[in-house]
Number of protein chains: 2
Amino acid sequence: MRTPEKLTEAIHQRGGKVTPQRLAIYRLLAGNQGHPTAEAIHEALREVMPMVSLTTVYKALNELAAAGEVKRFDVGGVSHFDPNTDPHAEAVCLLCGRIRDVEATVPDEDVRIDGFRVSSVATLFYGYCSDCAARRIET
Amino acid sequence: MRTPEKLTEAIHQRGGKVTPQRLAIYRLLAGNQGHPTAEAIHEALREVMPMVSLTTVYKALNELAAAGEVKRFDVGGVSHFDPNTDPHAEAVCLLCGRIRDVEATVPDEDVRIDGFRVSSVATLFYGYCSDCAARRIET
DNA sequence: TTAGATGCAAAGTATTTGCACTACC
DNA sequence: GGTAGTGCAAATACTTTGCATCTAA
């Protein structure tokens with residue numbers, strides 16, 4: 001994701017408005033190294049801006065995803081938004097549901113597959129994190 | 001996914017029952033080269049077995065996914081079930097929503113990442129299929 | 001005979017949409 | 001001042017769950 005300043009510029013250029021809500025969301029994402037859900041962002045946002053609505057959060061996130069600024073991916077019926085667009089993979093624990101970024105050799109997103117134009121790639125490892133794997137063996 | 005015969009065997013071994021519903025679902029999946037949704041499977045199933053319920057389809061699919069027989073992944077809030085467990089990627093069109101399997105170099109699922117035990121991998125390319133990419137330029 | 005499976009209806013949850021109000025430019 | 005954005009409430013959609021009924025073994 002680009003910096004909040006760059007995004008602000010881009011909005012002005014297309015005749016949009018830079019609202020405090022959007023700015024706060026951009027700043028939150030810029031300082032986030034995870035892959036938060038809309039709900040999580042809304043929660044964190046309320047601490048600095050108590051009146052923001054979840055609807056607005058969704059709209060801002062969908063814009064960013066459509067513009068390719070964040071990577072959106074679904075796990076278990078919940079959408080996650082990852083501001084880190086560098087090539088990496090996500091590890092999803094099937095027991096506790098936690099997701100963490102992992103380094104891995106992932107496919108290059110600059111490929112073209114038989115006419116299909118790729119704009120982003122999500123690589124998801126499903127499995128068991130060390131905590132849950134241990135707990136699994138015990139029981 | 002293993003053959004319907006092998007799955008039948010496995011069910012018997014663990015004291016389960018091989019119902020006509022399960023068998024029909026297994027056969028449908030075995031002859032499917034896509035990544036159908038529960039709804040799609042239910043639809044196709046009704047042609048050979050009009051009384052099967054969507055609930056039963058979900059239960060059978062969840063069993064298969066938990067057993068690692070099919071790969072489950074979510075796109076846009078909808079779950080897809082892929083009987084093809086060979087390494088491959090999915091290409092998701094952001095406009096028409098169509099998903100197709102593509103050959104690509106995907107990460108090996110037999111890796112262990114810092115204590116995380118991987119059981120399956122989903123690689124999703126988001127972008128625009130040739131039809132939609134063309135339509136996008138026109139408009 | 002009986003434990004396991006089915007299927008209806010209802011609940012639960014995530015995300016989107018319509019519309020009136022607000023505020024950035 | 002005009003238009004883009006916000007936010008409430010309601011709608012929509014997918015999946016799971018409780019429970020009574022049925023059936024494969």
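Chain identifiers are assigned alphabetically (A, B, ...) following the order of the sequence lines, protein sequences preceding nucleic acid strands; residue numbering begins at 1 within each chain.
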Arg72(A) has its side chain closest, among dT15(D), dT15(C), dA5(C), to dT15(C)

Next item on the list: Name the nucleic acid region contacted by Ser79(A), choosing base, sugar-phosphate or nothing; use a 4.0 angstrom heavy-atom cut-off, strictly under.
Entry: sugar-phosphate

Testing dG7(C), dA4(D), dA5(C) for proximity to the side chain of Thr55(B), the answer is dG7(C)

Arg14(A) CZ to dC25(C) C1', in whole Å, measures 14 Å

note: Leu54(B), atom CG; dA5(C), atom P; distance rounded to Å ~ 19 Å

Judged by nearest nucleotide, the residue sitting upstream toward the 5' end of DNA chain C, Asn62(A) or Ala60(B), is Ala60(B)

note: Gln13(B), atom CD; dG4(C), atom P; distance rounded to Å ~ 16 Å

In this structure, CZ of Arg98(B) is separated from SG of Cys129(B) (nearest 0.5 Å) by 5.0 Å

Side-chain contact check for Arg22(A): nearest option of dG7(D), dG7(C), dT6(D) is dT6(D)

Whole-Å distance, Ile41(B) CD1 to dC14(D) C1', equals 14 Å

Glu43(B) CD to dC14(D) C1', in whole Å, measures 16 Å

| message | Looking at Lys59(B) and dG7(C), is any side-chain donor or acceptor paired with a base atom of the opposite kind under 3.5 Å? | response | yes

Note: for Gly16(A) and Val18(B) on DNA chain D, the residue whose nearest nucleotide lies more 5' is Gly16(A)

*Geometric class of the His35(A)/Phe73(A) ring pair [parallel <30°, tilted 30-60°, perpendicular >60°]*: perpendicular

side-chain contact (heavy atoms from CB on, under 4.5 Å) with His42(B): of Leu28(B), Leu54(B), Thr55(B), only one passes, and it is Leu54(B)

Ile11(A) CD1 to dG5(D) C1', in whole Å, measures 10 Å

Between Thr19(B) and dA24(D), is there a side-chain N or O to OP1/OP2 distance below 4.0 Å? no

Given the options Arg72(A), Lys71(A), His88(A), Gln33(A), Asp82(A) meets side-chain hydrogen bond (donor to acceptor under 3.5 Å, both in side chains) only with His88(A)

The nucleotide from dT16(D), dC8(C), dT16(C) with an atom nearest the side chain of Tyr58(A) is dT16(C)

query = Can you check whether Gln21(A) has a side-chain N or O nearer than 4.0 Å to OP1 or OP2 of dA23(C)?
reply = no

Of Ala38(A) and His12(A), the one whose nearest nucleotide on DNA chain C sits closer to the 5' end is Ala38(A)

When rounded to whole Å, the CZ to P distance for the pair Arg46(B) and dG7(C) reads 11 Å

- prompt: Got a salt bridge between Glu63(A) and Arg22(A), using NZ or NE/NH1/NH2 to carboxylate O under 4.0 Å?
  reply: yes

To the nearest angstrom, the CG-P distance between Leu61(B) and dC14(D) comes to 15 Å

Note: for Lys17(B) and His80(B) on DNA chain D, the residue whose nearest nucleotide lies more 5' is His80(B)

